[in-house]
Protein chains: 2
Amino acid sequence: MKLEEAIKSTKFKSEVHKAVLHILYTAWWLKSVGAKELKEFGLTHEQYNVLRILKGKHPEQMCVRDIASRMIEKSSNVPRIIDRLELKKLVKRNTSTVDKRETVITITQGGIALLTASTLVMDEKMMKQFVLSEEEAVTLNILLEKIREIE
Amino acid sequence: MKLEEAIKSTKFKSEVHKAVLHILYTAWWLKSVGAKELKEFGLTHEQYNVLRILKGKHPEQMCVRDIASRMIEKSSNVPRIIDRLELKKLVKRNTSTVDKRETVITITQGGIALLTASTLVMDEKMMKQFVLSEEEAVTLNILLEKIREIE
DNA sequence: TTTGTATAAATGTATATACACGTATTTATT
DNA sequence: AATAAATACGTGTATATACATTTATACAAA
C-alpha cells in the first residue's frame, strides 16, 4: 500500500516532509508486523530487544545501564522491562559485587530457548520476505544516516 | 551519529536487517526531536497529529473513525487523544445529527492558533535543518515503499 | 415489529514511553 | 576523613499503544 493510501493524504509540503512521515509510518508498520509474530511467544518488541541484547553478551552479565545504551528507543524504561522478563523467569537479577549500585542481569536457559525460537520465526516471517535487495538496503542506510545529520 | 554508535552494535545479519533497525531508530530519533519542540506548546506528537488532521478539513467536522484512518500509527486510541485536546479546549466534541453513533470533532480557534504556531516552529527547527536533498528524499520514499512490499 | 448483525465510539487492562524524582553507593575534592 | 558531586537503579505520573470488551445506534431480514 502506498503511503498516500495508508494515511489518506496526498499533498506533502516537500519530498523531505513526505519522507519524515514515511519513516514514522514504516517504523510503525515494521513494529506491528513483528509484534504479531512475537505475540505467539508472549513477548513484546521491547522485551525481545532486551533478550537479544543479553544473548549477545551471554554468558557475561550486563548491568541495566549497559542494556539501556543498546536499546533502539533510548527512553525505554529498562528496569520495568526487566521486571516483566524476571516474572516470566527469562532473566535473573543480581546486585553487582563490584559496584553495589549496579544490578546485573543474566538471561536464563528458558530465556535463551524462547529467544532462539522467536528469532527463527522473526527471521523467516520478516527478514526473508522483504523484496528489498542488499544493494537497495545499503542506499537506504546511507539516506537514513543522512537525515539524522542536522545542519 | 552512526547507527553503530547509537545502538552499540557492529554486526548485522545483512544490510536489510540493519535497515530495519535503522528505520526503527530513525523514527525514534525523529519523534524525540519533534517532541522537544512540541513540548513548548504543551502538545504530544499524537495530539499534534490529530490537530493537523482536523485543520486539513476545517471548517468541516470529522468523525473519530475518519481521524483514526489518517493517523500514522493506526493503533492510536483516538477517543482518548481527543479527551486531552478537549480538556485544553483545542477541539470540540458533538454527537452527529445524521448518525447518532458518530461523534464529530471540530478544531477550535484556540486549536488553530496553537497548531499554526507549533507548525511554524516544527518546520523551521526540523524540516529546514535536514541535509537531505529533495532528490535523495525521492529515493528514500521509493525504498521505504519497497520495504513494505512483502513477498 | 422484532430480531439479528454490523458499526461507532467509549472504556478497561497490560505494557511502554517520556520524564522527574528519590535512594543507595561510589568517586572526587577539600 | 569528611563532604560534595556524580552515578545506577528504582519508582511515580501522565500519556500513548495494543487490543479486548461494552454500549448505543443503525439497518436489513424474518
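Proteins get letters first, then strands, A, B, ... in listed order; numbering begins at 1 in each. Predicted model only: the values in this text are computed from it and were never measured.
Every residue was checked against the side chain to side chain donor-acceptor pair (under 3.5 Å) condition with A:Arg84, not counting sequence neighbours, and none meets it. Every residue two or more places apart in sequence or in another chain was checked for a salt bridge (charged side-chain N to carboxylate O under 4.0 Å, His left out) with B:Lys36, and none qualifies. The salt bridge (charged side-chain N to carboxylate O under 4.0 Å, His left out) test applied to B:Lys92 returns no partner, not counting sequence neighbours. Residues forming a side chain to side chain donor-acceptor pair (under 3.5 Å) with B:Glu149 (at least two apart in sequence, or on another chain): none. With sequence neighbours excluded, the residues satisfying side chain to side chain donor-acceptor pair (under 3.5 Å) with B:Glu15 are A:Asn141. With sequence neighbours left out, B:Trp28 forms a ring pair (Phe, Tyr, Trp, His ring centres under 6.0 Å) with B:Tyr25. Not a single side chain to side chain donor-acceptor pair (under 3.5 Å) links A:Arg65 to another residue, sequence neighbours left out. Not counting sequence neighbours, A:Phe130 has no partner by the ring pair (Phe, Tyr, Trp, His ring centres under 6.0 Å) test.
For B:Lys88 and D:dA14, the NZ to C1' distance is 11 Å, given to the nearest whole Å. To the nearest angstrom, P of D:dA16 lies 16 Å from CD of A:Glu73. Remark: C1' of D:dC9 and CG of A:Asp66 are 14 Å apart, rounded to the nearest angstrom. The separation between A:Arg84 atom CZ and D:dT11 atom C1' is 12 Å, rounded to whole Å. The interatomic distance linking A:Asn77 (CG) with D:dG10 (C1') rounds to 9 Å, in whole Å. Following rounding to the nearest Å, A:Arg65 (CZ) and C:dT26 (C1') show an atom-to-atom distance of 14 Å. A:Ile82 places its CD1 atom 10 Å from the C1' atom of D:dC9, with the value rounded to the nearest Å. Distance CG (A:Leu85) to P (D:dG10): 13 Å, rounded to an integer number of Å.
Side chains of B:Thr106 and B:Gln61: a donor on one and an acceptor on the other come within 3.5 Å.
For the pair B:Glu151 and A:Val131, the tightest heavy-atom approach, listed with the atom from each and the gap, is N-CG2, 4.1 Å. Nearest approach of B:Ile7 to A:Ile72, heavy atoms of both residues: CG2-CA, 4.1 Å.
Near-neighbour residues of DNA chain D inside residues 29-63 of chain B, defined by a heavy atom below 4.0 Å, number-ordered: B:Thr44, B:Glu46, B:Gln47. For the segment residues 95-104 of chain B, the set of residues with a heavy atom within less than 4.0 Å of an atom of DNA chain C comprises B:Arg101, B:Glu102, B:Thr103, in numerical order.
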Which protein N or O atoms sit under 3.5 Å from an N or O of nucleotides 21-23 of chain C?
none

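Mapping A:Ile81 and B:Arg93 onto DNA chain C by nearest heavy atom places B:Arg93 closer to the 5' end of the strand. Ranked by how close their nearest DNA chain C nucleotide is to the 5' end, B:Trp28 and B:Val78 are led by B:Val78.
For C:dT17, one of the phosphate oxygens OP1 or OP2 lies less than 4.0 angstrom from a side-chain nitrogen or oxygen of A:Ser76.
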Report all side-chain donor-acceptor pairs from residues 112-120 of chain A shorter than 3.5 Å, counting only partners two or more places apart or in another chain.
unit_1: A:Thr116; atom_1: OG1; unit_2: A:Ile112; atom_2: O; d: 2.7
unit_1: A:Ser118; atom_1: OG; unit_2: A:Leu114; atom_2: O; d: 2.7
unit_1: A:Ser118; atom_1: OG; unit_2: A:Leu115; atom_2: O; d: 3.1
unit_1: A:Thr119; atom_1: OG1; unit_2: A:Tyr48; atom_2: OH; d: 3.1
unit_1: A:Thr119; atom_1: OG1; unit_2: A:Leu115; atom_2: O; d: 2.7

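At a cut-off of 3.5 angstrom, the base of C:dG12 holds at least one donor-acceptor pair with the side chain of B:Arg80.
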